[in-house]
There are 2 protein chains.
Amino acid sequence: MPIPSQAERYRVLRDRSASAGLRMTPQREVLLRIVSEIDGQHPTADDLLRRVRRVLPSISQGTVYRNVQDLVRTGLLGTRARSDGAAQYELNPQEHHHFTCAGCGKVWDVYLQDLRYHVDRRRSRLAGFQIERGGVELLGRCPKCH
Amino acid sequence: MPIPSQAERYRVLRDRSASAGLRMTPQREVLLRIVSEIDGQHPTADDLLRRVRRVLPSISQGTVYRNVQDLVRTGLLGTRARSDGAAQYELNPQEHHHFTCAGCGKVWDVYLQDLRYHVDRRRSRLAGFQIERGGVELLGRCPKCH
DNA sequence: TTATTTGCAAACTGTTTGCAAATAC
DNA sequence: GTATTTGCAAACAGTTTGCAAATAA
């Protein structure tokens with residue numbers, strides 16, 4: 001599948017927000033544009049707030065946090081937990097995995113070929129569990145933190 | 001390798017705490033015992049505080065939080081981020097992976113056979129990155145949340 | 001016209017910290 | 001004896017919430 005352009009991503013975000021019943025305020029419009037521009041990053045709500053404020057300096061923090069949560073509820077953004085307590089938002093709609101730097105904590109998207117594993121049913125106590133999907137989390141050092 | 005008994009785990013925790021220069025106060029002793037008793041769970045600091053208070057009701061919250069951080073610094077406990085913002089502590093010293101229930105958010109330890117993957121170097125931008133280890137995170141539903 | 005959204009401020013949760021008194025070694 | 005640890009309370013970071021005024025549809 002081809003990688004969607006920024007304009008395409010913006011259109012998808014607008015359309016799906018609208019069909020989820022979200023009204024297109026100027027505040028939400030700017031947020032959607034910024035989300036559509038970000039690629040391969042994992043911003044916190046505060047990162048998004050700062051970027052929105054470069055365009056709309058007087059927007060309130062509550063509005064951005066609320067709108068980000070609306071997008072999560074609608075399924076347009078995914079969440080990741082970060083160990084410092086902040087939530088990170090997942091903007092990449094392609095199937096991917098993650099690399100986390102043990103030094104700075106930043107996260108990069110990783111693409112894998114032939115991922116294969118087999119659950120050891122004897123040692124794992126997963127009888128009656130329904131596994132929907134699995135992802136790989138790599139840990140290491142980024143070039144800056146060597 | 002055989003799975004260590006609770007008594008062995010307690011001894012290891014005590015020994016390594018001592019050689020890290022941590023003094024054995026009654027408060028720390030109770031925490032270490034509780035940590036050694038927990039197996040395959042992923043308690044938050046508050047979970048640990050509540051369990052310690054069943055033995056030492058007057059222990060202060062700050063003491064438990066501080067001691068848990070000491071154990072993390074010493075390498076005796078691992079950390080995991082939880083999406084609700086709380087930190088979870090990792091007590092299982094064996095190599096393992098995780099299953100998270102999308103319903104209740106609880107985490108179980110999983111053991112894998114023949115984990116294999118290959119990073120797609122063309123699509124991933126990981127030139128100069130040093131990968132130290134990789135783990136699998138499974139997502140699905142536990143029997144109670146079906 | 002009306003249900004949604006905004007700005008603002010206060011509240012809330014998990015965690016960290018400063019300090020004087022207590023205590024392990 | 002002295003460096004570490006404790007209890008306590010206040011501070012802190014990230015996030016959520018209640019409410020009256022503004023506004024998208």
Side-chain angles (χ1 to χ4, degrees), chain A residues 13-34 42-53 55-74 76-90 105 107, chain B residues 13-32 42-53 55-74 76-90 105 107:
Chain A
L13 287 168
R14 271 191 75 108
D15 288 357
R16 295 216 197 141
S17 297
S19 45
L22 299 177
R23 294 182 178 180
M24 206 43 59
T25 63
Q27 291 87 341
R28 184 127 56 204
E29 194 161 327
V30 170
L31 175 63
L32 291 183
R33 192 155 53 70
I34 278 161
H42 304 83
T44 63
D46 198 64
D47 292 334
L48 292 172
L49 171 62
R50 281 201 302 273
R51 297 185 67 144
V52 170
R53 279 199 169 148
V55 182
L56 285 180
S58 62
I59 197 173
S60 86
Q61 189 219 38
T63 296
V64 172
Y65 275 74
R66 248 182 317 225
N67 282 344
V68 167
Q69 276 314 317
D70 290 340
L71 296 178
V72 171
R73 249 174 257 122
T74 313
L76 295 175
L77 290 183
T79 40
R80 283 179 56 78
R82 216 170 61 172
S83 44
D84 72 351
Q88 279 185 320
Y89 297 94
E90 182 67 75
V107 177
Chain B
L13 288 167
R14 270 191 77 108
D15 289 358
R16 296 215 196 140
S17 297
S19 44
L22 299 178
R23 295 182 177 179
M24 205 43 58
T25 63
Q27 292 87 340
R28 184 126 56 207
E29 194 161 327
V30 170
L31 175 63
L32 291 183
H42 303 84
T44 62
D46 198 66
D47 292 335
L48 292 172
L49 171 61
R50 281 200 303 274
R51 297 185 67 145
V52 170
R53 279 200 168 147
V55 182
L56 286 179
S58 62
I59 197 174
S60 87
Q61 190 220 36
T63 296
V64 172
Y65 275 76
R66 248 182 317 226
N67 281 344
V68 167
Q69 275 315 317
D70 290 341
L71 296 178
V72 171
R73 249 173 257 121
T74 314
L76 294 175
L77 290 184
T79 39
R80 284 178 57 76
R82 217 170 59 172
S83 44
D84 70 352
Q88 279 185 320
Y89 297 94
E90 183 66 76
V107 177

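Order of the sequence lines sets the chain letters (A, B, ...), proteins ahead of strands, with each chain counted from 1. Worth saying up front: this structure is predicted, and the values here are computed from it rather than measured.
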Calculate the interatomic distance between [X] atom [atom1] and [N] atom [atom2]; express it in whole Å.
| X | N | atom1 | atom2 | value |
| --- | --- | --- | --- | --- |
| B/Q69 | C/dT17 | CD | P | 9 Å |
| B/D70 | C/dT15 | CG | P | 15 Å |
| A/L56 | D/dT23 | CG | C1' | 15 Å |
| A/Q61 | D/dA13 | CD | P | 12 Å |
| B/L49 | D/dG7 | CG | P | 11 Å |
| A/R73 | C/dT5 | CZ | P | 10 Å |
| A/Q88 | D/dT15 | CD | P | 10 Å |
| B/L48 | C/dG14 | CG | P | 14 Å |

Are more than 12 heavy atoms from other residues, nucleotides or ligands located less than 6.0 Å from atom CZ of A/R16? no
| salt_bridge(B/D47, B/R51) N-O dist < 4.0 Å | no
Of the listed C/dT4, C/dT6, D/dG7, the closest approach to the B/S60 side chain comes from D/dG7
Exercise for review: Classify the nucleic acid contact of A/D84 as base, sugar-phosphate or nothing, counting any heavy atom under 4.0 Å across all strands shown.
Suggested key: nothing
Taking for B/Q27 and for B/A45 the nucleotide of DNA chain C with the nearest heavy atom, the one nearer the 5' end belongs to B/A45
Taking for B/Y65 and for B/M24 the nucleotide of DNA chain C with the nearest heavy atom, the one nearer the 5' end belongs to B/Y65
Item to check | Presence of A/R28 side-chain N/O under 4.0 Å of C/dT5 phosphate oxygens OP1/OP2 | outcome: yes
Q) Under 4.0 Å: is that the gap between some side-chain N or O of B/T25 and OP1 or OP2 of D/dT5? A) no
For A/R73, the salt bridge (charged side-chain N to carboxylate O under 4.0 Å, His left out) test, sequence neighbours excluded, returns A/D70
Whichever of A/R66 and A/D46 has the more 5' nearest nucleotide on DNA chain D, that residue is A/D46
For B/E90 and B/R80 the tightest heavy-atom approach is OE1-CD, 3.4 Å
In this structure, CZ of A/R14 is separated from OG of A/S19 (nearest 0.5 Å) by 12.0 Å
